[in-house]
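Proteins get letters first, then strands, A, B, ... in listed order; numbering begins at 1 in each.
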There are 2 protein chains.
Amino acid sequence: MQDDADAQPATTNEVLASLFKTLGHPQRLAILRLLESQELCVCEIEAALDLRQAYISQQLTLLREAGLVCFRREGWNVRYRIACPEVYTLLEMAEAIHGTLGECAWVEPEEKTAVSCGALRQT
Amino acid sequence: MQDDADAQPATTNEVLASLFKTLGHPQRLAILRLLESQELCVCEIEAALDLRQAYISQQLTLLREAGLVCFRREGWNVRYRIACPEVYTLLEMAEAIHGTLGECAWVEPEEKTAVSCGALRQT
DNA sequence: AAATCATATTCTAATTTACGAATATGATTA
DNA sequence: TAATCATATTCGTAAATTAGAATATGATTT
């Protein structure tokens, strides 16, 4: 029994997009930020973010599936920790990039060429 | 007339998530990759990716709104170029991170504490 | 001004995601 | 084994996103 027999290879862009998609959610980022300095159990995250348990658990599941967090049982609790600390560098860099991002500028044309494109159109 | 009078401040996490969300799409990444080395008009992107014109235009609009690309008219064409080259560093880093990402490991508990959490539950 | 070229926008259906509520599971203690 | 604690999962619906089709816009040439 092979899992996902009819799944295509998944290009680099698809894989990358998937990672970014996981990061593209404020609450998931909030969870990651909490886990930066410490290992936390679900109820601690719950208390820190003031969100319902089931909701936290759902987001943690997604972070887990993305491979971003690890977990381990400790008595009654399940403690989560970051799986790869490099993501924080990614977050920092993204933050820096956002700082430089301005409104899209309309740059004045340099020269008047006006050559027809001639590219194939399929619609 | 102020635009978005009832919009809340937008936290850092929300802003970051928004950027990641824009990057969380294979075709948009493909477009960004094309623009890495050169400025291109829509029809060239269209030809390179073999996608319909309207579709490309839609994705470019999103990239534009995110501030990731700039454009300028040149005769009949509108040429797009990257607004901040730093995103490629971000992509590289994300790629590197993906490489290190494995299946979530279940780490064996270190010590048996089993203390009740006592955290507030709101559901 | 009409025709043409490149690009943008709008409308829409289908799919995916978000997230609340209820419930299930699994470890631990009595 | 029954009760309890922490966490996970399933279900359902609202909202957002995807992407196709049709059409609009705006610059350029005739």
Novice: So if I take every side-chain heavy atom of A:Trp76 and compare against C:dT28, C:dC19, D:dT9, which nucleotide ends up nearest?
Specialist: C:dT28

Novice: Just to verify, what does B:Arg79 make a salt bridge (charged side-chain N to carboxylate O under 4.0 Å, His left out) with, not counting sequence neighbours?
Specialist: B:Glu44, B:Glu74

Novice: Rounded to whole angstrom units, what separation is found between the CD atom of A:Glu65 and the C1' atom of C:dT17?
Specialist: 13 Å

Novice: Could you give the CD1-to-P distance, from B:Ile31 to D:dA19, as a whole number of Å?
Specialist: 11 Å

Novice: Check the distance between D:dT28's P and B:Arg73's CZ and give it to me in whole angstrom.
Specialist: 7 Å

Novice: Less than 4.0 angstrom between a side-chain N/O of B:Arg28 and OP1 or OP2 of D:dT18, yes or no?
Specialist: yes

Novice: If you look at every strand shown and take non-hydrogen atoms under 4.0 Å, does B:Arg79 touch a base, only sugar-phosphate, or nothing?
Specialist: nothing

Novice: D:dA6 C1' sits how many Å from A:Glu46 CD, rounded?
Specialist: 9 Å

Novice: State whether A:Phe71 and A:Arg64 meet the cation-pi test: NZ (Lys) or CZ (Arg) under 6.0 Å from the six-membered ring centroid, and within 45° of the perpendicular axis.
Specialist: yes

Novice: Nearest to the A:Ser57 side chain among C:dC19, D:dT9, D:dA19, which nucleotide is it?
Specialist: D:dT9

Novice: Could you walk me through whether B:Glu95 and B:Arg33 pass the salt bridge (Lys or Arg N to Asp or Glu O under 4.0 Å) test, one step at a time?
Specialist: CA-CA 13 Å; B:Glu95 217 164 324; B:Arg33 290 228 141 100; 3.0 Å; yes

Novice: For the hydrophobic clusters of this structure (ILVMFWY residues joined by side-chain heavy atoms under 4.5 Å, transitively), does one cluster hold both B:Tyr80 and B:Leu62?
Specialist: no

Novice: D:dA8, OP1 or OP2 - any side-chain N/O from A:Tyr80 closer than 4.0 Å?
Specialist: yes

Novice: Find the distance A:Gln59:CD to C:dC19:P and express it as a whole number of Å.
Specialist: 7 Å

Novice: Can you pull every protein N or O that's under 3.5 Å from an N or O on nucleotides 14-16 of chain D?
Specialist:
none

Novice: Can you list every ring-ring contact (aromatic ring centres under 6.0 Å, His included) pair that touches residues 24-48 of chain A, not counting sequence neighbours?
Specialist: none

Novice: Is a donor-acceptor pair below 3.5 Å formed from side chain A:Gln53 to base D:dA8, judging by atom type as modelled?
Specialist: yes

Novice: Quick one: salt bridge (charged side-chain N to carboxylate O under 4.0 Å, His left out) partners of B:Glu36, sequence neighbours excluded?
Specialist: none

Novice: Within this structure, what is the CD1-to-P distance between A:Ile56 and D:dA8, rounded to whole angstrom?
Specialist: 11 Å

Novice: Can you tell me the distance, in whole Å, between the CG atom of A:Leu60 and the C1' atom of D:dA6?
Specialist: 13 Å

Novice: Quick one: list whatever passes side-chain hydrogen bond (donor to acceptor under 3.5 Å, both in side chains) with A:Gln27, sequence neighbours left out.
Specialist: none

Novice: Can you tabulate the close N/O pairs, meaning under 3.5 Å, that link protein atoms to atoms of nucleotides 10-12 of chain C?
Specialist:
unit_1	atom_1	unit_2	atom_2	d
C:dT10	O4	B:Gln58	NE2	3.0

Novice: If the cut-off is 4.0 Å, is A:Arg52 near the phosphate of C:dG20, judged by side-chain N/O to OP1 or OP2?
Specialist: yes

Novice: Under the ring-ring contact (aromatic ring centres under 6.0 Å, His included) definition, can you give me all pairs with a residue in residues 26-62 of chain B, not counting sequence neighbours?
Specialist: none

Novice: For a quick test of reading the model: is some side-chain N or O of A:Asn77 closer than 4.0 Å to OP1 or OP2 of D:dT7?
Specialist: yes

Novice: So, is A:Thr61 close to the D:dT9 phosphate, meaning a side-chain N or O under 4.0 Å from OP1 or OP2?
Specialist: yes

Novice: Once you round it to whole Å, what is the distance between P of D:dA19 and CG of B:Leu62?
Specialist: 11 Å

Novice: Would you list the pairs meeting salt bridge (Lys or Arg N to Asp or Glu O under 4.0 Å) in which at least one residue belongs to residues 15-31 of chain B, sequence neighbours left out?
Specialist: none

Novice: Using side-chain hydrogen bond (donor to acceptor under 3.5 Å, both in side chains) as the criterion, list what pairs up with A:Thr89, not counting sequence neighbours.
Specialist: none

